[in-house]
Each structure stands twice: as structure tokens, then as C-alpha cells.
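So you know, we letter chains A, B, ... as the sequences are listed, proteins then strands, and number each from 1.
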There are 2 protein chains.
Amino acid sequence: MQQKTLSSNLRNKKVVDLHAAKVACKECSLHQLCLPRSINGSDLEKLDNIIERKKPLKRNEHLFQVGSSFHSIYVVRSGSLKTYSPTVDGQEQVTGFHLPGELLGLDAIGKGRHPCAAKALETTSVCEVPFENLEGLSQELPTLQYQLLRLMSKEIFDDQELMLLLGKKTAEARLSAFLLSISLRFKQRGFSSIEFYLSMSRNDIANYLGLAVETVSRMFTRFQEDGLIEAERKHIILKDRENMRQIAGMNECCNETSAKDSQQII
Amino acid sequence: MQQKTLSSNLRNKKVVDLHAAKVACKECSLHQLCLPRSINGSDLEKLDNIIERKKPLKRNEHLFQVGSSFHSIYVVRSGSLKTYSPTVDGQEQVTGFHLPGELLGLDAIGKGRHPCAAKALETTSVCEVPFENLEGLSQELPTLQYQLLRLMSKEIFDDQELMLLLGKKTAEARLSAFLLSISLRFKQRGFSSIEFYLSMSRNDIANYLGLAVETVSRMFTRFQEDGLIEAERKHIILKDRENMRQIAGMNECCNETSAKDSQQII
DNA sequence: GTATAGAATTGACATTTATCAATTATGACT
DNA sequence: AGTCATAATTGATAAATGTCAATTCTATAC
């Protein structure tokens, strides 16, 4: 949404520069989020050595395709991506959205191939962590090994939450839970949790939540009528999160306090 | 279903004896399934040393409760369990069924507490693997570390499959996929893949699949009318798996060949 | 064997959400 | 600025599934 003027081109340029500069993890703007507190200085250097920074992806470019062989996991530095897998009938199933500081690729370790594709929703920059190196390094650094297990466990847990959502909740509960989830994840990265831009289309949201686009659209409208949110396309302001939590049917384990340190990266 | 005669009591007795015997992993009937081919003899002994065998659970007994602190992962030796978590409205959400050779507890690593409870669906015997030991041991045995990551990755992948099922599929596709999944998992353990007993109730199935019991019941009836299965309560015979795969809308990645070595333990 | 509680099935009806169709809005490109 | 393709919204209708209620079946206890 920011690339129609010259100044925005400059901004894009800057992202590229950031890449070229090969900033170390220490200086990375996501440093605090991106690294567990438990890793100390020298360990951090070791970790830094194995991390590769890639050229930013433009909107709709793929980070990896379905079935491509697995050698790295990725961390989002800026921007966002969706992961999706093809279904029999040629459709796609959106399996997740990935915001800054979040991981992709853990589901590929098992089979050595990516079971889903990852596509940038906007200009997006990621760190690549070659798995072989990571595995080797985690032999030396027990903390790292534990962090890795912890992250994967977190992902299993999150997926179960989502299964609950998909299996048992109404359309309004699903959308409500979705918005709160995004809100929380932004908050964890230091962004506003009450006002944000959704980088994904209504179609992607609907797909992810197992609903028809039309239903999602109607729910957005209803939420506005009910004063729960203000929404202008992708620009969202949450007006009544307490009520939304009720609607989402969330239990304590999903509120802000408990999830505070989730998705810490490597 | 087999405990109304004296002979069946004897059979139950035998399970208990099996426990008392404290058989080593090497002699465990699940040996091949339970251990990766890549671990050699001496490594196997090390692994065996940290595994504890527990007293079998009776039907409806809990292996662990929601929120209980995590110290072990478990492998089903015989019998079966369901995992479930409470929802806000006091209901329960069944998150999975666990057949012999399959794992429980990986979702607890992240927070150090079990996010769900595990209850035996029948007389059930499990191996307990203390996580701290496992973690330490996997420093020494890189293969073990990789197996652990691989298993967790598999679980993430499987959950995503289920999400697809819950989000996009009709009731008949869900039940069809469920039966084929059970069938496959039995096959992987050397049991018949076309005739088996379901240890879980229709209620549990419905809950797991995000459907009403009545819907599940009707689908069982319809499947019989259509000649897809023969079903007498929990006793199921699959008559036309090819057709069921069509109905389930399964893509190649879910068929028998590709999933053959899934859920190998530790 | 009989009684009883829970599980499973079946039918009637209500509700939710998907589908189809039409319209409007937005963003990208010339 | 104007055009076009795509995304988003809205309305009308249909289909799938949930809910409620009644009945039958099964397993367990007595």
C-alpha cells in the first residue's frame, strides 16, 4: 500500500540496503523478539554465523513451493506471508499467516519436503536458518535445542486451538478469534494491538477460517454495526475487545497474559 | 466388548502380567514400531534405561489431567486413549485419539503443562519417557534428537490435515477421512486395515470431527446403505476404500504409501 | 434373568452458512 | 485521469447440519 510514489520506492530501497548490510542478529531490529533471553553473547555469535539473510520478496512471490525440498526454516523480519497447500479439487487451503518474528517451515522437517507453499502478502523480508547447521549447533547449545522443541510444541498447541475453532465455533466466533489473535501477535511485536492493517484479503481470511468470503464480509459488517470494530477494508480498529473475547468463546489460556512469550524465535 | 466371560478376564490378566514383567524395549512387542531403525544396540540400551513402564490404565482413567505439569511424553503400548481439552462452556473438545505405537504429550513441551487431558478408552498400557532424560540423551544421540524433531513436525503436519478437514469438508468427507485414518494407523501396527473395532464412542467421534452425534450416526447409516462399510456398533468393516478416498477428497499425500513410516516412536 | 442407565439411532424441524447473482469499490496500469 | 481486473459487499435462495424429542439397543449391575 505504500509503493505508488517515489518516496515509497526509496523506502523499498532501504529494505534492500538492510539486506546488503548483512546486519548481525545483535543489531537486528527484531533482536529482542527474535532471540531467547537465555542465549548469551558468544552463543549468539555462533547462531548469527549460520543465519542467512535473503533478498526481500515482493507481493505474491513465493518463499518456497509445495513439495520443494526442505533445508531451512525461516523467520519473518518484516512484512507477512501466508502458507497454503493445494487440495484435491485444485483449490488452495490457507494454513496460516506469518507476521514479523514468526516462523515458517517447521512442518517440513518430518518428510524433508514442504507440505505447503509460502507466499508473500506484501513486500517481505525473512531470515533463513539452514536446518542442518541449526541441528548441529543445537548439539552444542542445549538451550537452543530446547527452544526449538518449545517452538514446535507451541505450534502443535496453536494448531489444536485452531482445530477447536474450525470444528466447534460459529462464523462470528471464528472471525472474532481471528482478529484477537492478530491483535495479540501485533502486540507481542510492539505494534498497536487495537489498530492495524490486515495484509491478507477477505478471501484468505475466509479460506483460513473455513468460511465463504461472503460470510466473512457479512461478519465484518455486523461487527461494525454492533460497535465491536471499525473497519475500512484492511484497516481495522478494535473497539471492544472484552466483548469480542466473549463472542470468540475464549478461555483464559488464550488471553494476552498467558501467551506473552510465545513464538520467540530460535 | 470381550470381558463378559472368564476367558476374557484371563486375557485382561495377561496384560497386567505383561506389565509386571517389565519387558525391555528390545523384547517389547512394539519394538519395530517403537524404535527407529537408525538406533543401534548400545544406543538402544541407553534409551531403554530411561523408559519407565507404568501400571495399565482402566477404561476412563486419566493418564494426565489438563494443566498438570509436564515431565514425560508417553507411548501407547496397548489399548487406546483420547486427548481432550475443556472449552469455555464446560464442554470438552476431543483433540485426538492415540492408538498403540503412537505418542502423547508433545504439545506440553512449550508451556511445561499439559494443555489437554488424556483418558483411556479401554484398558491401556503406556511407556513413560521422562523428558529431561530424553533431552539429555538426545545431546548424546543426534539421531534421537532428529527423530524427536521429526515426530513433532509430523504432528504439526497432521494437525494441518485435520484443520483442512474441519474447515472445508462435508460431514461425509470427515467421517470417511476419519475411518481411513484409523484404518491406516491399524495397518501400520500390523493389524487389519479393513476390519477393526473403534474404541471410541460415536460421541467422541462427533466431537473430534466437529459434528453432532446425530450427524455421525446418520453418516454411518448412509455409508452402510451405500455399501461403503459394514458397521455393527464399534465393529467396522471397510468394503470400498477406493470410493471412500474419493468421498474423503484425499490427495495423494494421505494415501497408504506415503504415510507408511509415520508416528515411529522415539 | 431383569432392571437400568447410557449409547446409538431415527424423525421432524430450525438455524446457520454456502451458493448464486448482481452491484459497488479499489488498486494497478496505461 | 480513465480503464480494467479484482476484491468486497449485499441480497435472495438453497443446502447442510444442528437441535429437540422419541425410541431402540447395549452393557452393566443386581
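- Looking at A:E92 and A:K82, a side-chain N of the basic residue comes within less than 4.0 Å of a carboxylate O on the acidic one, giving a salt bridge.
- A 4.5 Å side-chain heavy-atom check between A:L104 and A:V76 finds at least one atom pair inside the cut-off.
- D:dA16 atom P lies 18 Å from atom CG of B:L209, rounded to whole Å.
- For B:A212, counting side-chain heavy atoms from C-beta on, the closest listed nucleotide (D:dT19, C:dA21, C:dT10) is D:dT19.
- The side chain of A:R202 sits closest to D:dA8 out of D:dA8, C:dC20, C:dT17.
- At the phosphate of D:dA7, neither OP1 nor OP2 sits under 4.0 Å from any side-chain N or O atom of A:K234.
- As a whole-Å value, the separation of A:M200 CE from D:dA8 P is 11 Å.
- Taking atom CD on B:E232 and atom C1' on D:dA27, their separation rounds to 15 Å, with Å as the unit.
- Backbone-only contact: B:A171 has heavy atoms under 4.0 Å from sugar-phosphate atoms and none from a base.
- What separates CD1 of B:I205 from C1' of D:dT17 is a distance of 18 Å, to the nearest Å.
- For the pair A:T215 and C:dA18, the criterion of a side-chain N or O lying under 4.0 Å from OP1 or OP2 is met.
- Side chain of A:L211, nearest nucleotide from D:dC20, C:dA18, D:dG11: C:dA18.
- Projected onto DNA chain D by closest heavy-atom contact, B:E214 and B:R59 fall at different nucleotides, the more 5' of which corresponds to B:E214.
- The heavy-atom pair separating A:Y74 from A:L63 by the smallest distance is CG-CD2, 3.6 Å.
- Whole-Å rounding puts the B:E122 CD to D:dT28 P distance at 13 Å.
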Result block: side-chain N/O donor-acceptor pairs under 3.5 angstrom for residues 165-182 of chain A, not counting sequence neighbours:
{"from": "A:K168", "atom 1": "NZ", "to": "B:Q93", "atom 2": "OE1", "distance (Å)": "2.8"}
{"from": "A:K168", "atom 1": "NZ", "to": "B:N207", "atom 2": "O", "distance (Å)": "2.5"}
{"from": "A:K168", "atom 1": "NZ", "to": "B:N207", "atom 2": "OD1", "distance (Å)": "3.2"}
{"from": "A:K169", "atom 1": "NZ", "to": "A:A248", "atom 2": "O", "distance (Å)": "2.9"}
{"from": "A:K169", "atom 1": "NZ", "to": "A:G249", "atom 2": "O", "distance (Å)": "3.3"}
{"from": "A:T170", "atom 1": "OG1", "to": "A:A173", "atom 2": "N", "distance (Å)": "3.3"}
{"from": "A:E172", "atom 1": "OE1", "to": "A:R222", "atom 2": "NH1", "distance (Å)": "2.9"}
{"from": "A:R174", "atom 1": "NE", "to": "A:K169", "atom 2": "O", "distance (Å)": "3.0"}
{"from": "A:R174", "atom 1": "NH1", "to": "A:L209", "atom 2": "O", "distance (Å)": "2.8"}
{"from": "A:R174", "atom 1": "NH1", "to": "A:G210", "atom 2": "O", "distance (Å)": "3.4"}
{"from": "A:R174", "atom 1": "NH2", "to": "A:L166", "atom 2": "O", "distance (Å)": "3.1"}
{"from": "A:R174", "atom 1": "NH2", "to": "A:K169", "atom 2": "O", "distance (Å)": "3.3"}
{"from": "A:S176", "atom 1": "OG", "to": "A:M244", "atom 2": "O", "distance (Å)": "2.8"}
{"from": "A:S181", "atom 1": "OG", "to": "A:R185", "atom 2": "NH1", "distance (Å)": "3.4"}

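- Contact annotation: the side chain of B:Q188 never approaches that of B:S193 to less than 4.5 Å [non-hydrogen atoms, C-beta and beyond].
- The shortest distance between side-chain heavy atoms of A:Q160 and B:S85 does not fall below 4.5 Å.
- To the nearest angstrom, P of D:dT17 lies 15 Å from NZ of B:K168.
- Taking atom CZ of B:R222 as the reference point, atom C1' of D:dA16 lies 10 Å away to the nearest angstrom.
- Listed nucleotides: C:dG11, C:dT19, D:dA8. Nearest to the side chain of A:R218: C:dT19.
- Each end of the helix from C:dG1-D:dC30 to C:dT30-D:dA1 gets its own rotation axis from five pairs of C1' atoms, and the angle between them is 50° to the nearest 10 degrees.
- For the pair B:F223 CZ and C:dT9 C1', the interatomic distance rounds to 16 Å; values are reported in whole Å.
- The environment of CD1 in B:I194 is sparse: at most 12 heavy-atom neighbours from other residues, nucleotides or ligands sit within 6.0 Å.
- The residue from B:D107, B:T95, B:D158, B:D159 that alone fulfils the side chain to side chain contact (heavy atoms under 4.5 Å, CB included) condition with A:D159 is B:D159.
- Nucleic acid contact for A:S217: base, since at least one base atom lies under 4.0 Å from a heavy atom of the residue.
- The residue among B:G167 and B:N203 whose nearest nucleotide of DNA chain C is located toward the 5' end is B:N203.
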